[in-house]
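Take a look at the structure below.
In each ligand, atom 1 is the first atom listed, and ligand 1 is the first ligand listed.
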Amino acid sequence: MSILETKWEDLAEVKAELAERDWFMGTSGNLAIKVADEPVQFLVTASGKDKRKRTDEDFLLVDQFGRPAEETHLKPSAETLLHVEVYKKTNAGCSLHVHTIDNNVISEVYGDRGEIQFKDQELIKAFDLWEEDAVLKIPIIPNHAHIPTLAKAFSEHVKGDTGAVLIRNHGITVWGRNAFEAKKILEATEFLFRYQLRLLEHKPFQLFKVV
Ligand SMILES: CSCCC(=O)C(=O)COP(=O)(O)O
Ligand SMILES: [Zn+2]
């Protein structure tokens, strides 16, 4: 298999697993995987598709600016510019964006703070935070309708080869060194969000706790 075919298969597998979790409601979500460096090329989901379905037109190859790298009738994801920022600023190999009820509610409840923090939670180790008093901070940015503006706000938080940024009342974008790591981070954040929402049901005062 060529590198392109291998990466296509890797991304298709992640897509199928996220679809299994029902994380592509209403055609939302987009996924990307890097295929080449210098210059960067990556596969990204075609815009507006039902990502639960597997077809030969699920992904298209784009350049480092997010423009189709080959002749195609497919349109890259409307949010390709966010994936562009990941590959421009880091050595990440895969970036994933999903809308879930939990990540949307968390983004609204904590949106005015500009971030949500997690401490004393085992799963923050998914972010390579192993110290006893480590704190995971996930930034929350406004949901700018103008995608270049959204990508600029997002880019300010793209600092390492792994990470996660919430977009208020929209969804989350995560990235990792490869598809396995990006998926691990996505699953960990969704676990933490669900935990936090469940905790608030039982201990509403937790909302005012300063970490
Ligand atoms: C119908 S969801 C609105 C667009 C969006 O936020 C999204 O994640 C999917 O857009 P795409 O162009 O990648 O299909
Ligand atoms: Zn989206």
4.0 Å heavy-atom contact, Thr27 with ligand 1: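 Under 4.0 Å: yes for Thr27.
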Ligand 1 contact by Lys75, heavy-atom criterion under 4.0 angstrom: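 No; Lys75 lies far enough from ligand 1 that no heavy-atom distance drops under 4.0 Å.
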Pick from Gly48, Ser77, Ala78, Gly171: the one approaching atom 13 (O) of ligand 1 most closely through a non-hydrogen atom: Ser77
Of the listed options Asn30, Asn143, Leu150, closest to atom 10 (O) of ligand 1 (non-hydrogen atoms):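 Looking at heavy atoms only, Asn30 sits closest to atom 10 (O) of ligand 1.
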Do [X] and [Y] pair up side chain to side chain, a donor and an acceptor below 3.5 Å, judged on atom types alone?
| X | Y | value |
| --- | --- | --- |
| Tyr110 | Gln117 | no |
| Asn30 | Glu79 | yes |
| Glu190 | Thr100 | yes |
| His170 | His144 | no |

Could you pull out the atom name of the N/O/S atom in [X] that is nearest the Zn ion (ligand 2)?
| X | value |
| --- | --- |
| His97 | NE2 |
| Glu79 | OE1 |
| His170 | NE2 |

Side chain, backbone, both or neither: His83 near ligand 1, heavy atoms under 4.0 Å: neither
Close N or O approach (Ser28, ligand 1; < 3.5 Å): no
Is there a side-chain contact between [X] and [Y], using heavy atoms and a 4.5 Å cut-off?
| X | Y | value |
| --- | --- | --- |
| Ile141 | Phe154 | yes |
| Glu187 | Arg21 | yes |
| Phe193 | Ile138 | yes |

side-chain hydrogen bond (donor to acceptor under 3.5 Å, both in side chains) between His99 and Asn104, intermediate numbers included: CA-CA 7 Å; His99 304 195; Asn104 272 249; 5.4 Å; no
Atoms of ligand 1 close to [X] [distance to a heavy atom under 4.0 angstrom, numbered from 1]:
| X | result |
| --- | --- |
| His170 | 6 (O) |
| Gly26 | 1 (C) |
| His97 | 8 (O) |

Nearest protein heavy-atom contact for [atom]: which residue, which atom, what distance?
| atom | result |
| --- | --- |
| atom 4 (C) of ligand 1 | Glu79 OE2, 3.9 Å |
| atom 12 (O) of ligand 1 | Ser47 OG, 2.6 Å |
| atom 3 (C) of ligand 1 | His99 CE1, 4.4 Å |

Same apolar cluster (I L V M F W Y, side chains within < 4.5 Å links), Leu11/Leu18: yes
Ion pair Asp128/Arg177, N-O distance below 4.0 Å: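 A salt bridge links Asp128 with Arg177.
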